[in-house]
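Throughout, numbering of the chain's residues begins at 1 and tracks the sequence. In what follows, every heavy atom counts, from backbone to side chain, and hydrogens, waters and symmetry copies are set aside.
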Amino acid sequence: MIRVEDLTVSLGGTDVLDGVSMAVDDGEFVGLVGPNGAGKTTLLRCLSGVLSPDDGVVTVDGDAVGSLGARESSRRIAVVPQDTQLAFDFSVRDVVAMGRTPHRGRFDRATSEDRDVVDRAMDRTEVMRFADKAITAVSGGERQRVVLARALAQEAPVLLLDEPTASLDVNHQIRTLDLVADLVEDGRTAVAAIHDLSLAARYCDRLVLLADGGVVAAGPPERVLERATVADAFDADAAVVDDPVTGTPAVTPLSAPAWSLDAHVHVVGTGAQAGRVVTTLAAAGATVTAGPVPDGDAVATAATGVEASVVTVPAFQGVDEATARTVADLAGPAACAVAAGIVPAAALSALPDAMPTYAIRDATLPDAVHAGDRIGLDDLPTIVADGVRGNAAANDDAIRPIAFRDDTATTDRRGASDPQTTDD
Ligand SMILES: Nc1ncnc2c1ncn2[C@@H]1O[C@H](COP(=O)(O)OP(=O)(O)OP(=O)(O)O)[C@@H](O)[C@H]1O
């Protein structure tokens, strides 16, 4: 077990870590996450004992790491640093074999067991293919895997990794983290600084979020990666959704649009395009509500990701009166609604009667709704500032009136049809 108590580190006159405490149980995979300069590397260096803290203590299985000799420390802790300086023309195999040093006497020759361990480490990290190449002649990503192989050959129960996937292609990112997860399943303990929050959430049992030299949050990924926590720590707006492929939190930073909107907007429509409207409005600062949408629709996922309220209905079921009332309550206070993505008639008809509704360009509206002058999302600030145009005078038999920026267009809208005939 690794214990960090009240760690304080000052570098160049600045407090880099300030009172950091954390614990890592045997057989756990803990991810260190946090913005650039948060102190992740510094913490890892304290864990491995290469850096002595100004205050506080790090223990591994009860022993202070600072008190362990180099050999004992290397038997307990293997390190995969962020930048490895390997300037000499050692072969890849030689570099991996260096991992056996703590297990051998100074002048002992490699045993067949040493050679087996080195081969296995090279196999698992897929570096055997270039085993005889000079380490100076392999790519950055290949070298990163060689350094991981060296750490595996060390056979230490604790593995510390600083950005182990930083220069790896997507395939090797996953393979590397799969490998670390396998090692952890076999009983090793891993602590890794990982920038990619979604990857960290996918692989780590727990995350420790560092910012400004302190622990801001620690716990299971879904608890640490709450939207507000991520926003505070990284100073970035992000959507946090349950990744439908991995079932773990996925964090997608949002680009803030060039405009902002201080208003409540209700989004009606389904599909990825409407989902993007939800996240864009949220990133612009609007209060966003949405629905009704089928459970599991991209809009439901996007709305949850930006903590917007959304009314969902079971897939393949229509919108019943109770749902329509819920939608009316939710959308009621909105300045306006926007119809985006694929817009089922039943969803439109669930909006409050007087709700001015604007169709976004590219929205697929029900046949019965004639949308003339559609808007871009970036038109909304002007529309809201001008006072949203109502449209109560619209044609009675429209499924619901849709307002347009050009008021004359409102006279030419006819609706038709029975909402039941439209799929939703
Ligand atoms: N030798 C040093 N002298 C002075 N300041 C240092 C030194 N090493 C690191 N720092 C500072 O300590 C802070 C933490 O650095 P650290 O490398 O631990 O952060 P990090 O979280 O790993 O960052 P990144 O995500 O960018 O790798 C940074 O502000 C850095 O500039």
Side-chain angles (χ1 to χ4, degrees), residues 1-25 28-60 62-68 73 76-85 158-167 180 189-201 203-238 240 249 251 253:
M1 180 187 203
I2 304 171
R3 238 176 210 298
V4 175
E5 275 166 38
D6 228 2
L7 210 63
T8 299
V9 175
S10 214
L11 295 172
T14 311
D15 284 349
V16 174
L17 296 178
D18 188 8
V20 168
S21 297
M22 61 181 272
V24 183
D25 282 334
E28 246 195 332
F29 187 176
V30 169
L32 296 181
V33 294
N36 289 138
K40 302 178 294 294
T41 298
T42 306
L43 178 54
L44 284 173
R45 296 180 72 217
C46 291
L47 294 186
S48 67
V50 298
L51 186 67
S52 304
D54 294 297
D55 226 330
V57 67
V58 178
T59 58
V60 176
D63 299 318
V65 283
S67 70
L68 300 174
S73 168
R76 294 201 198 182
I77 303 167
V79 181
V80 181
Q82 199 168 23
D83 297 307
T84 312
Q85 305 298 333
V158 174
L159 200 53
L160 303 179
L161 308 106
D162 198 355
E163 282 299 320
T165 54
S167 41
V180 176
T189 305
V191 182
I194 302 177
H195 267 299
D196 186 318
L197 298 176
S198 306
L199 273 185
Y203 283 97
C204 298
D205 301 310
R206 281 194 307 121
L207 298 182
V208 173
L209 172 56
L210 289 177
D212 296 328
V215 175
V216 189
E222 61 280 8
R223 277 228 324 270
V224 171
L225 298 179
E226 284 183 358
R227 188 167 179 247
T229 312
V230 171
D232 276 355
F234 291 88
D235 194 20
D237 201 3
V240 184
V251 180

Got a second to check how far [X]'s [atom1] is from [Y]'s [atom2], nearest 0.5 Å?
X: D205; Y: D25; atom1: CG; atom2: CG; answer: 10.0 Å
X: L51; Y: L7; atom1: CG; atom2: CG; answer: 8.5 Å
X: L160; Y: R45; atom1: CG; atom2: CZ; answer: 12.5 Å

[X] to [Y] - nearest heavy-atom pair and separation:
X: T229; Y: A217; result: CG2-CB, 4.0 Å
X: V224; Y: A218; result: CG2-C, 3.6 Å
X: C46; Y: V65; result: O-CG2, 3.6 Å
X: A233; Y: A211; result: CB-CB, 4.2 Å
X: F29; Y: Y203; result: CD1-O, 3.4 Å
X: R76; Y: V60; result: NH1-O, 3.1 Å

Output all residues satisfying side chain to side chain donor-acceptor pair (under 3.5 Å) with [X], sequence neighbours left out; order by chain, then residue number.
X: D237; result: R227
X: S167; result: Q144
X: E28; result: R206
X: D55; result: none

Report all side-chain donor-acceptor pairs from residues 9-24 shorter than 3.5 Å, counting only partners two or more places apart or in another chain.
{"unit_1": "S10", "atom_1": "OG", "unit_2": "T14", "atom_2": "O", "d": "3.3"}
{"unit_1": "S10", "atom_1": "OG", "unit_2": "D15", "atom_2": "OD1", "d": "3.1"}
{"unit_1": "S21", "atom_1": "OG", "unit_2": "D6", "atom_2": "N", "d": "2.8"}

Determine, step by step, whether L197 and F234 satisfy the side-chain contact (heavy atoms from CB on, under 4.5 Å) criterion, reporting the C-alpha distance in whole Å, the side-chain angles of both residues, the deciding distance to 0.1 Å, and the verdict.
-> CA-CA 11 Å; L197 298 176; F234 291 88; 4.0 Å; yes

Does the pair R3 and T59 meet the rule for a side-chain contact (heavy atoms from CB on, under 4.5 Å), with working shown?
-> CA-CA 5 Å; R3 238 176 210 298; T59 58; 3.2 Å; yes

Are C204 and I194 side-chain neighbours, meaning at least one heavy-atom pair lies under 4.5 Å?
->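 A side-chain contact under 4.5 Å exists here.
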
Are I2 and V158 side-chain neighbours, meaning at least one heavy-atom pair lies under 4.5 Å?
->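 I2 vs V158: side chains touch.
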
Okay, side chain of E163, backbone of H195: is any donor-acceptor separation there less than 3.5 Å?
->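 Pair found, side chain donor or acceptor close to backbone of H195.
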
In residues 30-43, what donor-acceptor pairs under 3.5 Å come from side-chain atoms, sequence neighbours left out?
{"unit_1": "K40", "atom_1": "NZ", "unit_2": "G34", "atom_2": "O", "d": "2.9"}
{"unit_1": "K40", "atom_1": "NZ", "unit_2": "P35", "atom_2": "O", "d": "3.0"}
{"unit_1": "T41", "atom_1": "OG1", "unit_2": "D162", "atom_2": "OD2", "d": "2.8"}

Output, in order, the C-alpha distance, side-chain angles, deciding distance and verdict of side-chain contact (heavy atoms from CB on, under 4.5 Å) for L44 and V191.
-> CA-CA 8 Å; L44 284 173; V191 182; 3.9 Å; yes

